[in-house]
Chemist: 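Got a structure here, written out as structure tokens. Questions coming.
Numbering of ligands and ligand atoms starts at 1, following listing order. Residue numbers run from 1 in the order of the sequence given.
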Amino acid sequence: METITSEEMAVLDINCEYFGLSRLQLMENAGRGLAEEIIKRFKPCKVVIFAGLGNNGGDAFVCARFLRNFDVEVFLLGRSKDIKTEIAKRNFDILKKAGYKITEIRDKIPEFEADIVIDGMLGTGVRGKLRGIYAKSVEVINESKAFKIAVDVPTGLNPDTGEFELCVKADLTVTFHKPKPGLLKAKDVVGELVVKDIGIPKSFENLAGVGDVKKVYKRFESGHKGVHGRIAVIGGIGYTGAVALTSLACYYAGADLVTTLVPKDIKNVVASFSPNLIVRELDLCDLSSLNELMKKYHVAVLGMGVERNDEFTDFVEEFLKLENVKKVVLDASAITKDIPEGVECIMTPHAGEFRKVFGEPTIENVMKVAKETNSVILLKGREDVITDGERVRFNRTGNAGMTVGGTGDVLAGVAGAFFALNDAFWSASASAFVNGLAGDICFEEKGYNFTAVDLLEKIPIAIKRCLEFV
Ligand SMILES: NC(=O)C1=CN([C@@H]2O[C@H](COP(=O)(O)OP(=O)(O)OC[C@H]3O[C@@H](n4cnc5c(N)ncnc54)[C@H](OP(=O)(O)O)[C@@H]3O)[C@@H](O)[C@H]2O)[C@@H](O)CC1
Ligand SMILES: Nc1ncnc2c1ncn2[C@@H]1O[C@H](COP(=O)(O)OP(=O)(O)O)[C@@H](O)[C@H]1O
Ligand SMILES: [K+]
């Protein structure tokens with residue numbers, strides 16, 4: 001049975017909202033689906049709902065409305081004013097106005113008789129050990145003779161690993177959209193497992209969205225310089241602008257320090273583009289000092305502004321073998337079949353570059369190559385394809401103005417910055433989304449005729465828009 005982790009579900013949740021399918025609709029569908037399963041199994045009887053303060057509780061509040069002829073009572077684990085989310089609060093208030101019997105529980109759980117207990121306390125939002133009243137409630141529920149139904153996940157179960165200390169021993173677990181992996185590993189506390197569809201279009205699971213960016217973007221309050229990423233950009237053999245675009249894009253996507261390595265003869269030209277640039281001489285033969293340098297860098301981004309030539313191809317092959325090279329973004333002339341074991345790699349070819357090295361850029365072939373090279377491939381185009389050989393994501397941000405030269409250099413820099421603090425797959429997906437969104441912001445202001453420098457300058461705004469989306 002196909003599963004979805006709680007982290008992937010959280011990304012999907014936000015992306016649904018972004019694509020117009022609100023979380024309120026998802027909650028309504030979840031609660032109704034839960035009620036359907038109860039009505040299928042039981043005649044009207046006494047139901048006690050133990051509700052948490054998050055959306056797991058929210059689902060249970062919706063469910064209460066559909067248990068029309070049942071005698072439903074709600075135990076809220078906390079104060080109603082502490083309910084975490086607007087949609088859960090909204091569904092709570094409806095029950096309040098409708099006159100449902102609701103008891104706010106501080107530390108003592110009232111005696112109760114029930115035929116059914118619904119566990120709407122914690123779902124995929126559970127973190128660590130169960131706090132006070134939650135632990136007590138689990139014990140009381142497990143001691144009761146009622147039929148126990150868990151909403152989405154039995155409270156106390158780690159939805160991804162299936163581990164638990166104290167957990168509701170459910171007779172039935174009604175989960176939503178797809179089971180979380182942990183549910184398949186804990187039969188004795190999950191009981192019968194039913195998966196309810198909540199109306200999420202299948203394609204949404206593979207569509208890059210705001211949720212991807214919120215997942216990868218990190219800012220540490222107490223950060224020392226460099227903690228947000230130290231990137232080495234290597235290229236500029238033949239062209240001077242590309243490496244500058246990539247390097248500045250790293251900064252605009254959150255990196256702290258970027259060093260740009262270019263041949264001696266263009267060092268000053270590149271440095272003159274911006275005071276932000278730290279430009280050093282690239283000596284393709286001096287691999288040992290490059291290895292030293294890479295000790296201090298999270299990611300190396302290679303290949304931009306390089307006319308394909310054998311010397312550089314050989315250099316890339318040797319560079320990838322260096323002991324301190326752990327994460328690389330390979331663009332343009334650096335794209336290669338041979339990625340050594342232990343190097344995490346994002347390759348960012350457009351169709352032409354892919355075809356030259358790997359053959360036809362069909363989805364199947366791109367997945368096959370990603371698998372064979374043990375890398376993530378971000379195949380750029382009107383619709384970007386991101387794959388690690390198993391998973392595939394598509395990115396639809398961007399517009400025809402993006403075909404202007406240099407937009408791929410910007411993308412490589414954004415990918416490098418995200419890669420410093422994340423894995424290759426999500427870094428590639430989020431960077432494709434941000435790059436295209438920045439292009440859409442340019443289009444809003446200028447129409448199609450913007451340049452890669454315009455795109456560069458919109459990267460921070462695109463990221464800000466994503467982070468502000470709730
Ligand atoms: N697409 C979807 O994803 C859909 C999801 N849906 C539903 O949303 C559920 C996820 O909701 P959620 O994110 O609000 O988290 P949830 O599990 O309700 O926890 C809430 C709060 O509990 C708290 N808390 C945490 N750990 C704790 C502990 N150990 N002991 C005590 N308290 C603890 C913690 O509070 P805090 O740490 O912030 O104080 C947290 O904020 C999901 O399971 C599904 O039912 C549906 O609507 C359908 C669509
Ligand atoms: N027609 C298009 N519509 C939308 N986005 C595009 C289009 N063409 C390219 N892009 C985007 O422009 C960026 C660079 O792609 P591309 O132009 O292929 O790279 P390069 O600049 O390296 O040639 C990528 O983010 C890609 O998604
Ligand atoms: K639950």
Chemist: Any side-chain heavy-atom pair from I463 and F418 closer than 4.5 angstrom?
Modeler: yes
Chemist: Could you tell me which atoms of ligand 1, counted from 1 in the order shown, lie closer than 4.0 angstrom to a heavy atom of G123?
Modeler: 16 (P), 17 (O), 43 (O)
Chemist: Atoms of ligand 1 less than 4.0 Å from L130 heavy atoms?
Modeler: 29 (N), 30 (N)
Chemist: Looking only at the aromatic ring of each residue, does the gap between the centers of Y18 and F433 stay below 6.0 angstrom?
Modeler: yes
Chemist: May I ask you to list the atoms of ligand 2 that are less than 4.0 angstrom from any heavy atom of T407?
Modeler: 12 (O), 13 (C), 14 (C), 17 (O), 21 (O)
Chemist: Is there a polar contact between ligand 1 and Y134, counting only N or O atoms under 3.5 Å apart?
Modeler: no
Chemist: What protein heavy atom sits nearest atom 45 (O) of ligand 1, and how far off is it?
Modeler: D59 OD2, 2.7 Å
Chemist: Taking atom 42 (C) of ligand 1 as the reference point, report whether a protein heavy atom occurs under 4.0 Å from it.
Modeler: yes
Chemist: Give the residue, atom name and distance (to 0.1 Å) of the protein heavy atom nearest atom 26 (N) of ligand 1.
Modeler: R127 N, 2.9 Å
Chemist: Could you measure the distance from the CD1 atom of I231 to the OG1 atom of T246? Nearest 0.5 Å is fine.
Modeler: 11.5 Å
Chemist: Between E468 and K464, does any side-chain N to carboxylate O distance fall below 4.0 Å?
Modeler: yes
Chemist: State the atoms of ligand 1, each with its element, that fall below the 4.0 Å cut-off from a heavy-atom position in M27.
Modeler: 47 (O)
Chemist: With a heavy-atom distance limit of 4.0 Å, tell me whether K84 approaches ligand 1 through its side chain, its backbone, both, or neither.
Modeler: side chain
Chemist: For ligand 2, find out whether one of its N or O atoms is nearer than 3.5 Å to an N or O atom of N399.
Modeler: yes
Chemist: Check each atom of ligand 2 against the heavy atoms of G408 and keep those under 4.0 Å away; list them by number with element.
Modeler: 14 (C), 19 (O), 20 (P), 21 (O), 22 (O)
Chemist: With the threshold set at 4.0 Å, does a side-chain nitrogen-carboxylate oxygen contact exist between D331 and K380?
Modeler: yes
Chemist: Run the ring-ring contact (aromatic ring centres under 6.0 Å, His included) test on F42 and F147 for me, step by step, so that the C-alpha distance in whole Å, both residues' side-chain angles and the decisive distance to 0.1 Å come before the verdict.
Modeler: CA-CA 10 Å; F42 295 89; F147 187 87; 5.0 Å; yes
Chemist: For atom 10 (C) of ligand 1, which of the options T124, L24, T175 provides the nearest non-hydrogen atom?
Modeler: T124
Chemist: Does some side-chain heavy atom of I39 sit less than 4.5 Å from a side-chain heavy atom of L67?
Modeler: yes
Chemist: Which residue and non-hydrogen atom of the protein lie closest to atom 22 (O) of ligand 2, and at what distance in Å?
Modeler: K380 NZ, 2.9 Å
Chemist: Tell me, which protein residue and heavy-atom name are nearest atom 48 (C) of ligand 1, and how many Å apart are they?
Modeler: I198 CD1, 3.8 Å
Chemist: Is it true that the side chains of T397 and D440 contain a donor and an acceptor less than 3.5 Å apart?
Modeler: no
Chemist: What angle, in degrees and rounded to 10°, do you get at the K ion (ligand 3) when you join it to O of V151 and to OD1 of N56?
Modeler: 80°
Chemist: Could you measure the distance from the CZ atom of F61 to the CG atom of D93? Nearest 0.5 Å is fine.
Modeler: 9.5 Å
Chemist: Tell me whether R41 is salt-bridged to E37, with the criterion being a basic N under 4.0 Å from an acidic carboxylate O.
Modeler: yes
Chemist: Enumerate the atoms of ligand 1 whose separation from the nearest heavy atom of G128 is less than 4.0 angstrom.
Modeler: 29 (N)
Chemist: Using only heavy-atom distances, determine whether the side chains of N422 and K218 contain a donor-acceptor pair under 3.5 Å.
Modeler: yes
Chemist: Just checking: A150, one of its N/O/S atoms, less than 3.4 Å away from the K ion (ligand 3), yes or no?
Modeler: no
Chemist: To the nearest 0.1 Å, how far is atom 20 (C) of ligand 1 from its closest protein heavy atom, and which atom is that?
Modeler: G54 CA, 3.6 Å
Chemist: Going through the distances and angles, do K178 and E205 end up as a salt bridge (Lys or Arg N to Asp or Glu O under 4.0 Å)?
Modeler: CA-CA 11 Å; K178 267 183 189 168; E205 280 192 61; 2.7 Å; yes
Chemist: Which of the numbered atoms in ligand 2 are under 4.0 angstrom from any heavy atom belonging to D384?
Modeler: 26 (C), 27 (O)
Chemist: Judging by distance only, is a nitrogen or oxygen of G398 under 3.5 angstrom from one on ligand 2?
Modeler: no
Chemist: With the side chain counted from C-beta on, respond yes when D107 and K136 share a heavy-atom pair under 4.5 Å apart, and no when they do not.
Modeler: yes
Chemist: What's the shortest heavy-atom distance between I141 and M121, and which atoms?
Modeler: CD1-CE, 3.6 Å
Chemist: How far is atom 4 (C) of ligand 1 from its nearest protein heavy atom, and which residue and atom name does that atom have?
Modeler: D13 OD1, 4.1 Å
Chemist: Is the K ion (ligand 3) less than 3.4 Å from at least one N/O/S atom of L122?
Modeler: yes
Chemist: Below 30° counts as parallel, above 60° as perpendicular, anything between as tilted: where do the rings of F112 and F50 land?
Modeler: perpendicular
Chemist: Check whether any heavy atom of G58 sits under 4.0 Å from an atom of ligand 1.
Modeler: no
Chemist: Specify side chain, backbone, both or neither for L53, according to which of its non-hydrogen atoms lie closer than 4.0 Å to ligand 1.
Modeler: neither
Chemist: Quick check for you: with the K ion (ligand 3) as the vertex, what angle do O of V153 and OD1 of D119 span, to 10°?
Modeler: 120°
Chemist: I'd like to know if K40 pairs up with E192 as an ion pair, taking the criterion as any Lys NZ or Arg NE/NH1/NH2 lying under 4.0 Å from an Asp or Glu carboxylate oxygen.
Modeler: no
Chemist: Below 4.0 angstrom from a heavy atom of T403, which ligand 2 atoms are there? Numbered from 1 as shown, please.
Modeler: 1 (N), 8 (N)
Chemist: Closest non-hydrogen protein atom to atom 18 (O) of ligand 2, residue and atom name please, with distance?
Modeler: H350 CB, 3.1 Å
Chemist: Between L122, D152, V151, flag the one that comes closest to atom 23 (C) of ligand 1 by a heavy atom.
Modeler: L122
Chemist: What is the closest protein heavy atom to atom 1 (N) of ligand 2, and at what distance does it sit?
Modeler: R382 CG, 3.7 Å
Chemist: Under 4.0 Å, counting heavy atoms only: does V126 come that close to any atom of ligand 1?
Modeler: yes
Chemist: Hey, is R23 touching ligand 1 through its side chain, its backbone, both or neither, going by heavy atoms under 4.0 Å?
Modeler: neither
Chemist: Out of K180, E17, K129, indicate the one that has the non-hydrogen atom closest to atom 29 (N) of ligand 1.
Modeler: K129
Chemist: To check your reading of the model: name the closest protein heavy atom to atom 11 (C) of ligand 2, its residue, and the distance in Å.
Modeler: M402 CB, 3.6 Å
Chemist: Check whether any heavy atom of G381 sits under 4.0 Å from an atom of ligand 2.
Modeler: yes
Chemist: Students should be able to answer this: which protein heavy-atom is nearest to atom 15 (O) of ligand 1, and at what distance?
Modeler: G125 CA, 3.2 Å
Chemist: Please name the pair of heavy atoms, one in F75 and one in P110, separated by the smallest distance, quoted to 0.1 Å.
Modeler: CZ-CG, 3.8 Å
Chemist: For the residue pair T5 and D160, confirm or rule out a side-chain donor-acceptor distance under 3.5 Å.
Modeler: no
Chemist: How far is atom 12 (P) of ligand 1 from its nearest protein heavy atom, and which residue and atom name does that atom have?
Modeler: N55 N, 3.9 Å
Chemist: Do R106 and R79 have side chains that approach each other closer than 4.5 Å (heavy atoms only, starting at C-beta)?
Modeler: yes
Chemist: Consider every N or O of L26 and every N or O of ligand 1, then say whether any pair is closer than 3.5 Å.
Modeler: no
Chemist: Any N or O of N435 that comes nearer than 3.5 Å to an N or O of ligand 2?
Modeler: yes
Chemist: Which heavy atom of V190 sits nearest a heavy atom of L183, and at what distance?
Modeler: CG2-O, 3.6 Å
Chemist: Among all the protein's non-hydrogen atoms, which is closest to atom 3 (O) of ligand 1, and how far away is it?
Modeler: M9 CG, 3.4 Å
Chemist: Please report the shortest heavy-atom distance between E104 and G78, naming the atom on each side.
Modeler: CB-O, 3.6 Å
